[in-house]
Amino acid sequence: MRESNGAPKQYKYFQLLKEHLKGDLDKIFGDKLVLPRQLEIHLPGDHKKACNFNCSFCEGRILSQELCSYEEKALSLIKDINGQIPYIIFGGLYSEPLLNPYLLEMIEETKRTGANFGLHTNGALLKELEDKQGFISQLCELSNSNNDYISISIDAGSPESHKKVKGTKQNYFSRIIEGLRILAQKRSNGFPALRMSYLICEENSSYEDIKNIVSIAKELGIDSLKFSIPYECFGSDFSKVREYKNRVEKDKGLQYETLIAPFLSKDNKEKPYIFYMSPVNQDVDKMNFQHCAYSYYQITIGTDGFVYRCSSTASPSFRMNRLGFIPENFDGLKELVKKNQDITFNPKSCFKMGARCDRVSLAINTSWEEIRKRNKKTL
Ligand code: SF4
């Protein structure tokens, strides 16, 4: 497998953490409480279902899902945090934020407090919500920085492959592209940033698919397009994850790399910046560090209203990583952040339950471990 390729700076997670800590890595497991860079909120879909798609690689296929109406509390929390956690991210392990009726209000509150928002969505409802309530127009009006971003998991280059990948019968692909077109037209000064992500698998790996999505991204003026290979589901037994690593990430990975190579950007000024995030960034055999420093980067609220140690374990399937129920106010959240920045917490307690770090937490934890060893820092 190829080592990591020129990912743009917003995907260099340890660097982002370093910037958040203003270069002072001694803050990690130091004496004082450090607020994380971001709070991620997994909204509970429309309270009946978490997502409107059925992707073959979705974590929701094996993780247990509970949906709890905790949005009023989340709104008060965002208000009370008042921008002191600089990023509020709306995304989800298995949930689609556009299904949730509180999303726009939460983004409004986020911007009112001076924080930045991130939105990870499948994009299916963008156009419909614009028609009904001017969602896209309002989003573009609210955004005042290219630190705000919308990331669309497009995962296909044609309506046919999109239906197969997403497990749907309707042509959502064309509707998503229409929504994106409106978004691209309405944003002024390039705010919010528009990112596309494309998980390559059997169903969407034809030359035509790749060529078509690259041409759409160029035509619409998308900022970046990331290709990567889906994870084996979190919660799978590690022997299954290793089998997947050999069969798909290594063998198929080479085939996919060859396919996308001619489309990748050569200069980071190119727009869209097209890059490949190699599966080495999700390697299960790298998960052998002593501490979890991800708590300085993010804390996560799951669809069940519980606050979890990290995004990839924010499901009742990983109850051991619950820090507490969503608190009433910022002081309550600070208590949970403190609990999360626990030096005695052993990552092995995750791995033995089938939990794994995602790319972000793996990058942070491996970099921190290297630094700790290099400095012979005993914690
Ligand atoms: S899975 Fe990884 S990021 Fe999540 S709590 Fe465990 S060690 Fe930390």
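The first residue of the sequence shown is numbered 1, and numbering continues consecutively from there. Computed from a predicted structure; not experimentally measured. One-based numbering, in listed order, for ligands and for the atoms of each.
Val248 places a side-chain heavy atom less than 4.5 Å from the side chain of Ile229. Under the 4.5 Å side-chain criterion, counting only non-hydrogen atoms from C-beta, Glu232 is not in contact with Arg242.
Any protein N/O/S atom under 2.8 Å from atom 8 (Fe) of ligand 1 was counted, giving 1 altogether.
Looking at Ser76 and Glu328, their side chains never bring a donor and an acceptor atom within 3.5 Å of each other. Between His42 and Gln65, the side chains place no donor N or O within less than 3.5 Å of an acceptor N or O (distance only, hydrogens not considered).
For ligand 1, the atoms lying closer than 4.0 Å to a non-hydrogen atom of Arg356 are 1 (S).
Under the rule for a side chain to side chain donor-acceptor pair (under 3.5 Å), the partners of Ser228 that lie at least two apart in sequence or sit in another chain are Arg359.
The six-membered or imidazole ring of Phe53 lies near that of Tyr172, with a centre-to-centre distance under 6.0 Å.
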